[in-house]
Number of protein chains: 2
Amino acid sequence: MTKTLTIIDIAKLAGVGKSTVSRVLTDDPNVKDSTRKKVQQVIKKSGFVPSKSAQVLGGGNAKVIGIILSRLDSSSENKVISGILDVIYAAGYDALIMEGLFDVKKTKEHLAVLKKRNVDGIILFGFTDCDLTETEKLAHKVVIIAVDNDTVSSVGYDNYGIIEKAMTHIQEQGKQHISYIGVDVKDKTTGLIRLNAYLDCCKLAGITPNFQTGLLNYKSAYDLTDMVLTSETEAIVCASDTLAMGVAKRLQTLGRNDILVSGVGNTELLPFVFPNTFSIDPGYYSVGKTAANLLIQQIRGDRTVTHLTQKVSFPN
Amino acid sequence: MTKTLTIIDIAKLAGVGKSTVSRVLTDDPNVKDSTRKKVQQVIKKSGFVPSKSAQVLGGGNAKVIGIILSRLDSSSENKVISGILDVIYAAGYDALIMEGLFDVKKTKEHLAVLKKRNVDGIILFGFTDCDLTETEKLAHKVVIIAVDNDTVSSVGYDNYGIIEKAMTHIQEQGKQHISYIGVDVKDKTTGLIRLNAYLDCCKLAGITPNFQTGLLNYKSAYDLTDMVLTSETEAIVCASDTLAMGVAKRLQTLGRNDILVSGVGNTELLPFVFPNTFSIDPGYYSVGKTAANLLIQQIRGDRTVTHLTQKVSFPN
DNA sequence: CTGTTAGCGCATTCAG
DNA sequence: CTGAATGCGCTAACAG
């Protein structure tokens, strides 16, 4: 265990004062180029790595962004995270990722931990019943994804527009008998808003609504399919790709391959497995980038609480 | 911006010395119960949160474990991570997660960052060409997943046993004409070892091998399917569920629904979409838990460099 | 059991 | 441009 080096060690090795070393570490311009070079040499040769904790304590900032997501194995959240990571790494931040599992209490604990660690900012994936009061104190250090709130910045999906787009696309193909499979309306965004979008589109187009809502898994969608199916059905719009997968499977089993199925999420697998499907991209990756950029701007004070909605992109 | 509180503040509020506060923070038993209660009261009321950086610098440990994975959107890695998180959270650690993207340079950078942050330990998801020399210096603070190495602990999958199990299961059903779709043997574990397992099983059972290797995506598997298909083919073993998905799709298109397809990963979606398939579970979640436990034991000095292999569990 | 005293490793004034 | 001094918030001996 080679004793851990400090700036003092490399200051001696480089024949300079410790503050000069600190300066090159912080990219302070007030250092003669030759001196800087020399110090950097020593740092590299000695394999010295400054202690982040000391830097933070000394006055610098942690350069850490905490991310509280719902589930690591959610493909949509994964895409968002990728966007976030791309942005924050580029800006020199690291990510402290925590899994909230849709649990209010656990999420609250995570927030406390992040606070204790002096993170520079927090990105929180909202969920139904998510308690945001805790975050309000952190004000400009937080960005919420997928849930609106007045006091904290947020980046949301255009839940309404997503379904609207799917409906439009289907109607453009001359189809009029369009059913819908969604999730429980207790879920405001994926549930209620998307269902309302479907209903509004129906009214506007003179379509008689035919829908069911259930859980967010393909089994549920599979089971609900028959309930929205008539001999005339030409298409079924689903609130997510997972649901679309279940619906398409059921239709395949029934031999109703004529029915067009749409999902949300832009999962590659869906159209690969089931030809007569398409998926709307809510722009997950973009949401991640947007959220991260927003947060960084807020941290720097360049921007205050803002609410953004991601534009819907059409399937590839 | 209410000025950030310190232990001194709450020491005054509680009418005790700062070290007493520190003691209750560190669960030091040498504090009178009444005093402890009082201090805890004040801490709660004031909403005080101790600075992790200061704690680390002061001598405590960071209680952070760095995790460098390949891709956040890999479902197998996700399962492993879940296992890791369950264990380390329970042990009071937090996770600093980074994405290596199979890039040696990026991975090296991540390692440097983790070092700088004084993490207590690191879990690294190995990949082909992964350079482990950097990690060797960290010795007992590292656990590698999926790649063997003498100087650093590792937890690996039983790549050989996984395929062996699939082959056995298929043969037990009386099938003799078994083909194989895998990935390039440049990938030691998923590629070479699994292919060798297939070949060995064939030799043992007197089966004439019929295989192809390609990329790790369903399109590749889809395209390769025809090349291992004969009129007699009864089953196709695949090196992963992704490949199995491609193969099963191709077979469906060809109307060869009689052929049994096996994958690796225990993805729920596979058997849901394609009935005549099954999947071997390499024990991802368990690997995560094992790796995390191993690392924590090493951190505490309870254990030294160890190499473990996950036992294969049969599909649900 | 509890208060006092040192640092931990670094950033940041403030003088030179 | 650079070195010396001060303090960040906390833990860990050290005395009482």
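Every chain is numbered from 1, with letters handed out A, B, ... down the list of sequences. All figures in this text were calculated on a predicted structure; none of them were measured in a lab.
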Proximal nucleotide (of dT11(D), dG3(D), dG9(D)) relative to the Q55(B) side chain: dT11(D)

Sugar-phosphate only, base, or nothing, as touched by S19(A) at under 4.0 Å among non-hydrogen atoms: base

Sugar-phosphate, base or nothing in reach of S53(B), heavy atoms under 4.0 Å: nothing

Spacing between K18(A) atom NZ and dC10(C) atom P, to the nearest angstrom: 8 Å

Sugar-phosphate only, base, or nothing, as touched by V21(A) at under 4.0 Å among non-hydrogen atoms: nothing

Could you list the donor-acceptor pairs under 3.5 angstrom formed between side-chain atoms of residues 10-19 of chain B and any protein atom two or more places apart in sequence or on another chain?
none

Sugar-phosphate only, base, or nothing, as touched by S22(B) at under 4.0 Å among non-hydrogen atoms: base

Under 3.5 Å, sequence neighbours excluded: what are the donor-acceptor pairs made by side chains of residues 94-114 of chain B?
unit_1: D94(B); atom_1: OD2; unit_2: R117(A); atom_2: NE; d: 2.9
unit_1: D94(B); atom_1: OD2; unit_2: R117(A); atom_2: NH2; d: 2.9
unit_1: E99(B); atom_1: OE2; unit_2: L72(B); atom_2: N; d: 3.1
unit_1: D103(B); atom_1: OD1; unit_2: K105(B); atom_2: N; d: 2.7
unit_1: D103(B); atom_1: OD1; unit_2: K106(B); atom_2: N; d: 3.0
unit_1: T107(B); atom_1: OG1; unit_2: D103(B); atom_2: O; d: 2.7
unit_1: H110(B); atom_1: NE2; unit_2: E99(B); atom_2: O; d: 2.8

Distance below 4.0 Å between T6(B) side-chain N/O and dG9(D) OP1 or OP2: no

Side-chain N or O of T35(B) closer than 4.0 Å to phosphate OP1/OP2 of dT2(C): yes

Nearest listed nucleotide, side chain of L57(A), among dG9(C), dC1(C), dC14(C): dG9(C)

Donor-acceptor under 3.5 Å (R36(A) side chain, D28(A) main chain): yes

Sugar-phosphate, base or nothing in reach of T20(B), heavy atoms under 4.0 Å: sugar-phosphate

Donor-acceptor under 3.5 Å (D86(A) side chain, G83(A) main chain): no

Terminal axis angle for the helix from dC1(C)-dG16(D) to dG16(C)-dC1(D), five pairs an end, nearest 10 degrees: 30°

